[in-house]
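Quick notes on the structure that follows.
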Amino acid sequence: LEVLEALDSARTQWYHVTAIVIAGMGFFTDAYDLFCISTVSKLLGRLYYFDPTTGIPGKPPPTINNIVTGVALVGTLTGQLVFGYLGDKLGRKKVYGITLILMVACAICSGLSFGSSAKSVIGTLCFFRFWLGFGIGGDYPLSATIMSEYANKRTRGAFIAAVFAMQGVGIIFAGFISMFFSAVFRSYYKAPIFSKDAVLSTQPEGDLLWRLVLMIGAVPAAMTYYWRMKMPETGRYTAIIEGNAKQAAADIARVLDIEIIAEQDKLAEFKAANDYSLWSSEFFNRHGRHLIGTMSCWFLLDIAFYSQNLTQRDIFPAMGLIDKDSAMNAIDEVFQTSRAMFIIALFGTFPGYWFTVFFIEKIGRFKIQLVGFFMMSFFMFIIGVKYDYLKHDNKNLFALLYGLTFFFANFGPNSTTFVLPAELFPTRVRSTCHALSAAAGKAGAMVGAFGIQYYTLDGKPGKIKRAMMILAVTNLLGFFCSFLVTETKGRSLEEISGEDGRESELTATPNDRVSGIRQDSRTEK
């Protein structure tokens, strides 16, 4: 189809950059909203769960802590499935703006409380963070699908990875904004450290601080809404799913500034040749292996990735990046935790994302994913085995190894598990398949938030070592599951999925392969 050929062969233009920024700002907001809670969760403990009889700073009960940090992940999983399905049924653009509206409204409401007791504050926070996660979830399949369908085949992987790389910027800003506000509050509202005065060490103004940090997440999402609404529907959706060749040709011609012929009859043949549903045996034969691969890899990756991000505040003291909790007041603890998170994100997390952007079209998705999983497993295994030595005798090496696990997560499977589901599947189920893969990832994140986090809450070396060994094994499993997916570099979306009739070994059904062998033998004769 000329419409699809024009998209695949288009030179990189300003509209590509615009699409990256518009979709990327959604991921910036997603990452900020999901990870900023780690910078203030200990403050919530000091404010609402302090018990003077214990002699230690207040901490939420393990169940409450896990729910506060993990409830947004539950919402994200749900939102991915709902919006991924709607993206295929109603159109990418029609539901794209709804996700932003949800994120803006719920980020603001996360800073509000229906009451002043611990139960009412935490209950309100969890309610709105669930719906915040619901909006965030919709951004995953929609942003990936829109970017893959806008991009040309030469730079598609780099463009999708660039959208996802804004997650790294969002994590940096989560640390930076928390650090900035806590520094301002710390300069105005001084207090003794906990060991000197357990009561006065918790400034009441901290109640405003955590609310501001959470509500700031509404700003970038609100700034992006207008531009999202101006984006046209993707040409592939208009042509292949809606069957409107004329509208697709007009939209793409306007964006690319070229003349395109609307091939309605040819399009009808194209649709008829690919008319099978997600739950059909035809889909399973052609794409079942890929779907199992993308879901399993993302599930295993997110166990490790979200465990690292959500539990790093518990590991920072062992690394020497922050003081002991008894040697800080409440706001100072937020400042030091945010500063440590900012440093790790800036020098470990952030570079990995952009290494992927620059090298994904040279090295390929498959190799980056394999190397990333293997190196994460290797470094986590070392941390687990040598935890006592690293904690007491070589904190600098500890910080380096911990930072390298973040680097290879992002210059590895954290990026490629986002890219591959946007390329491997047919247009009419692309958003849904990406949603299923992403939802599997969030199920893994929930394992990290509700399971792995249990091992790190009390800071006991034995439990942290066990957690690191578990994560090393999950990454090794991810390495082997990566062999279920295939390389997509340099090929059109229709060639990868087999929609254009050029069946590859990985998309052809057994009957197609037999027919192909017979045809080849007849041709040779």
Side-chain angles (χ1 to χ4, degrees), residues 28 31-50 56-60 65 68-69 107 110-111 121 125 168-217 219 308-350 391 395-396 398-399 402-403 406 453 456-457 459:
F28 173 94
Y32 181 93
D33 288 332
L34 285 178
F35 295 113
C36 68
I37 194 68
S38 295
T39 67
V40 298
S41 59
K42 286 195 172 185
L43 175 60
L44 294 172
R46 291 201 187 217
L47 287 168
Y48 300 111
Y49 292 95
F50 173 59
I56 59 173
K59 290 183 177 180
N65 182 81
V68 168
T69 55
S110 293
V121 170
L125 176 63
V169 183
I171 295 172
I172 288 175
F173 266 77
F176 174 77
I177 293 296
S178 299
M179 183 171 62
F180 172 77
F181 277 106
S182 58
V184 172
F185 274 65
R186 189 174 65 161
S187 65
Y188 279 98
Y189 308 110
K190 300 187 182 298
I193 62 175
F194 182 86
S195 59
K196 291 186 176 180
D197 194 317
V199 176
L200 294 180
S201 67
T202 302
Q203 302 96 316
E205 293 81 8
D207 194 53
L208 175 61
L209 172 60
W210 72 263
R211 298 174 192 275
L212 283 174
V213 170
L214 297 186
M215 294 169 81
I216 287 292
V219 175
Q308 283 180 293
N309 276 288
L310 294 174
T311 63
Q312 59 187 353
R313 67 186 184 281
D314 302 307
I315 297 174
F316 286 156
M319 295 169 62
L321 290 176
I322 66 174
D323 297 328
K324 292 182 178 179
D325 53 9
S326 60
M328 298 181 284
N329 62 48
I331 292 178
D332 196 40
E333 186 172 38
V334 176
F335 175 79
Q336 292 197 30
T337 302
S338 304
R339 182 182 61 189
M341 179 176 169
F342 176 79
I343 291 170
I344 291 291
L346 185 63
F347 294 105
T349 304
F350 181 76
K391 178 181 178 181
K395 287 182 168 59
N396 290 334
F398 194 168
Y402 194 67
F406 278 103
Q453 195 168 200
T456 64
L457 281 175

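Below, each value reflects all heavy atoms present in this structure, side chains not excepted, and no hydrogens, waters or symmetry copies. Each residue takes its place number in the sequence, starting with 1.
Within the model, atoms OG1 of Thr349 and CD1 of Ile344 stand 7.5 Å from one another, a figure rounded to the nearest 0.5 Å. For the atom pair CG (Asp33) and CD1 (Ile216), the distance works out to 11.0 Å, reported to the nearest 0.5 Å. Between atom CD1 of residue Ile56 and atom OG of residue Ser195 there is a gap of 14.0 Å, rounded to the nearest 0.5 Å. Atom CG of residue Leu212 and atom CZ of residue Phe180 lie 11.0 Å apart, to the nearest 0.5 angstrom. Atoms OH and CG, from Tyr48 and Leu43 in turn, are 8.0 Å apart once rounded to the nearest 0.5 Å. Phe350 CZ to Phe342 CZ: the interatomic distance, rounded to the nearest 0.5 Å, is 10.5 Å.
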- Step-by-step side-chain contact (heavy atoms from CB on, under 4.5 Å) determination, Met179 to Ile343: CA-CA 11 Å; Met179 183 171 62; Ile343 291 170; over 6 Å; no
- Message: As a quick check of understanding, evaluate side-chain contact (heavy atoms from CB on, under 4.5 Å) for Val68 and Leu125, giving each step before the final call.
- Response: CA-CA 8 Å; Val68 168; Leu125 176 63; 4.0 Å; yes
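When all heavy atoms of Val213 and Ser178 are compared, the pair lying nearest together is CG1-OG, 3.3 Å. Taking both residues in full, the closest heavy atoms of Ala345 and Ile171 are given as CB-CG2, 3.8 Å, listed atom of the first, atom of the second, then distance. For the residue pair Gly217 and Ala107, the shortest heavy atom distance occurs at C-CB, 4.0 Å. Here the closest non-hydrogen pair linking Leu209 and Ser182 is CD1-N, 3.8 Å.
A 6.0 Å sphere centred on CZ of Phe176 holds no more than 12 heavy atoms belonging to other residues, nucleotides or ligands. Other residues, nucleotides and ligands place no more than 12 heavy atoms under 6.0 Å from the NZ atom of Lys190.
Within the 4.5 Å cutoff, no side-chain heavy atoms of Ser201 are placed close to those of Ile193. Annotation: side chain of Met341 is in contact with side chain of Phe35 (closest heavy-atom distance under 4.5 Å).
Residue pairs meeting the side-chain hydrogen bond (donor to acceptor under 3.5 Å, both in side chains) criterion with at least one partner in residues 320-336, sequence neighbours excluded, are Arg46-Glu333, Arg186-Asp332, Gln203-Asn329, Asp323-Gln336, Asp332-Gln336.
Judged by distance alone, with hydrogens and angles left aside, the side-chain atoms of Thr39 form a donor-acceptor pair with the main-chain N or O of Cys36 at under 3.5 Å. At distances below 3.5 Å, at least one donor-acceptor pair connects side-chain atoms of Ser187 with backbone N or O atoms of Val184.
For Tyr189, the ring-ring contact (aromatic ring centres under 6.0 Å, His included) test picks out Phe185, with sequence neighbours left out. Applying the ring-ring contact (aromatic ring centres under 6.0 Å, His included) criterion to Phe335, with sequence neighbours excluded, gives no partner residue.
Ring geometry, Phe28 versus Tyr32: the interplanar angle falls under 30°, so the pair is classed parallel (tilted spans 30 to 60°). Between Phe50 and Phe194, the two ring planes are perpendicular [angle over 60°; tilted spans 30° to 60°].
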